[in-house]
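The structure appears below as structure tokens.
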Amino acid sequence: MKPAGIIGTGSYVPDSIMTNACLVETVPTSDEWIVSRTGIKARHIAGQDVATSDMAAIAAQRSLENAGVKAADLDMIIVATYTPDTLLPSTAAFVQHKIAASRAVALDLGAGCAGFVCALATGAQFIMTGMYRNVMVIGADACSRFLDWTDRNTCVLFGDGAGAVVLAPVFEGRGILASHLGSDGSGAGLLGIPAGGSRMPASEYTVQNKLHCIRMNGKEVFKFAVKIIPESVEAALNRCHLRTNDIDLLIPHQANLRIIQAAMETLALPPERVLINLEHYGNTSAASIPIALDEAFRSRRVGNGDVVALVGFGAGLTWGTVILRK
């Protein structure tokens, strides 16, 4: 098995910023209420002419430049998203065309906010088995397209963005050391978008009743996340014979500050070893971890040989952790 690692990162968020003060004008809430419950102060919102693939393609180009790899040399593109441009074809197909990666097979992976971690673990397998050499993994979501802007329990949480990484063979002992993925379909009703699929196709009724918008049982999702983050991280660490103390930087899915703080306490990780940026971006779903990872790599917060733990959780219910050494 060949070691697979990240050799380049890139990210993109729209220029338009919606602060909490902007939301207060249209939703019965306050900056204090949002910050105290979520830690979010602002989020980036894509323009009406910007689709998920547009953001993904920019992040993809930036990751290629950072990796020093040509698009024509990519063997595979995986896009993790729950906000595809269209149900058919895949968003990855649009990205492939936009960046001129003519040799790459392109496919989407749907695992909600855990999508990037699941896609990263999936893409790595193709390199580890020797089937492919260069694999691009993208997490991208235009969450604002699927929000009920009158529901303060959800509309204050989400933002738009994309993050991408290039995977390739690396030296032994580096790259992805282990992963741990899981799902519990009994919790599928806790977080999702009811309409738009084969169960409930689009109709006048579904549109009028806002069934194409995100619905979430916040309390139950909170309890799930607080429990599953440390469990998944520890399970992944065990697979590569490491301990929590070996983690130089934890990059969790940026959903809620209280969730992250609870996980930090359980894992006994100090603040300087956890990356938190959701105050600037909100929950960008599958994009949150790769955006944060790109920031960490580019700012040199992660040095050569450092151990990084990426952990995501979300709809499905689905979760996952990847442990890597830079």
Side-chain angles (χ1 to χ4, degrees), residues 11 13 17-24 27 29-45 112-117 139 141 143-144 147 151-161 163 190-191 214 216-234 244 247-296 299 301-302 308-315 317-321:
S11 62
V13 291
I17 299 175
M18 180 180 288
T19 64
N20 291 345
C22 297
L23 282 169
V24 170
V27 184
T29 187
S30 68
D31 177 69
E32 187 279 331
W33 188 90
I34 298 171
V35 173
S36 65
R37 286 164 176 76
T38 69
I40 299 169
K41 297 180 180 179
R43 67 285 295 150
H44 293 249
I45 303 297
C113 298
F116 177 77
V117 172
D141 275 305
C143 304
S144 63
L147 293 177
D151 177 12
R152 75 169 185 172
N153 293 313
T154 55
C155 75
V156 304
L157 301 176
F158 296 93
D160 303 332
L190 298 177
L191 174 59
I214 296 171
M216 180 174 66
N217 184 326
K219 290 183 179 179
E220 291 302 316
V221 171
F222 184 95
K223 289 192 292 184
F224 153 72
V226 167
K227 177 176 179 291
I228 206 64
I229 291 176
E231 287 184 1
S232 183
V233 170
E234 289 173 354
T244 305
I247 296 175
D248 294 294
L249 187 65
L250 173 71
I251 302 181
H253 167 48
Q254 307 289 309
N256 181 293
L257 182 59
R258 292 190 296 168
I259 290 175
I260 297 173
Q261 290 174 334
M264 288 167 55
E265 183 176 349
T266 302
L267 292 168
L269 285 174
E272 61 269 20
R273 286 202 277 160
V274 181
L275 195 156
I276 303 173
N277 66 2
L278 85 165
E279 67 174 295
H280 305 295
Y281 305 112
N283 181 347
T284 54
S285 191
S288 78
I289 291 176
I291 288 174
L293 184 65
D294 182 43
E295 290 186 352
S299 66
R301 187 168 177 180
V302 179
V308 181
L310 313 176
V311 57
F313 55 89
L317 296 166
T318 301
W319 60 90
T321 296

How many angstroms lie between atom [atom1] of [X] and atom [atom2] of [Y], to the nearest 0.5 angstrom?
X      : Y      : atom1 : atom2 : answer
Cys143 : Arg43  : SG    : CZ    : 11.5 Å
Asn217 : Lys223 : CG    : NZ    : 8.0 Å
Ile276 : Ile251 : CD1   : CD1   : 11.5 Å
Thr154 : Asn283 : OG1   : CG    : 11.0 Å
Glu295 : Leu275 : CD    : CG    : 6.5 Å
Ile40  : Ile34  : CD1   : CD1   : 8.0 Å

[X] to [Y] - nearest heavy-atom pair and separation:
X      : Y      : answer
Val24  : Asp31  : CG2-N, 3.9 Å
Pro230 : Val226 : CD-O, 3.2 Å
Gly161 : Ala287 : O-CB, 3.3 Å
Ala286 : Phe116 : O-CB, 3.3 Å
Arg273 : Arg301 : N-NH2, 4.5 Å
Ala42  : Asn20  : N-OD1, 4.3 Å

His44: what forms a ring-ring contact (aromatic ring centres under 6.0 Å, His included) with it, not counting sequence neighbours? Tyr281
Phe158 meets the ring-ring contact (aromatic ring centres under 6.0 Å, His included) criterion, sequence neighbours left out, with none
List the residues meeting side chain to side chain contact (heavy atoms under 4.5 Å, CB included) with [X], not counting sequence neighbours, and say none if there are none.
X      : value
Ser288 : His253, Gln254, Thr284
Ser36  : Glu32
Ala315 : Leu191

Quick one: are [X] and [Y] in side-chain contact, heavy atoms under 4.5 Å?
X      : Y      : answer
Leu157 : Ile214 : no
Arg152 : Trp33  : yes
Leu250 : Pro252 : yes

Enumerate donor-acceptor pairs with a distance under 3.5 Å from any side-chain N or O in residues 257-272 to protein atoms, sequence neighbours excluded.
| residue | atom | partner | partner atom | Å |
| --- | --- | --- | --- | --- |
| Arg258 | NE | Arg37 | O | 3.3 |
| Thr266 | OG1 | Ala262 | O | 3.1 |

Measure from the side-chain N and O atoms of Asp141 to the backbone N and O of Ser285, and report whether any donor-acceptor pair falls under 3.5 Å. no
As a quick check of understanding, evaluate side-chain contact (heavy atoms from CB on, under 4.5 Å) for Ile247 and Val233, giving each step before the final call. CA-CA 10 Å; Ile247 296 175; Val233 170; 3.9 Å; yes
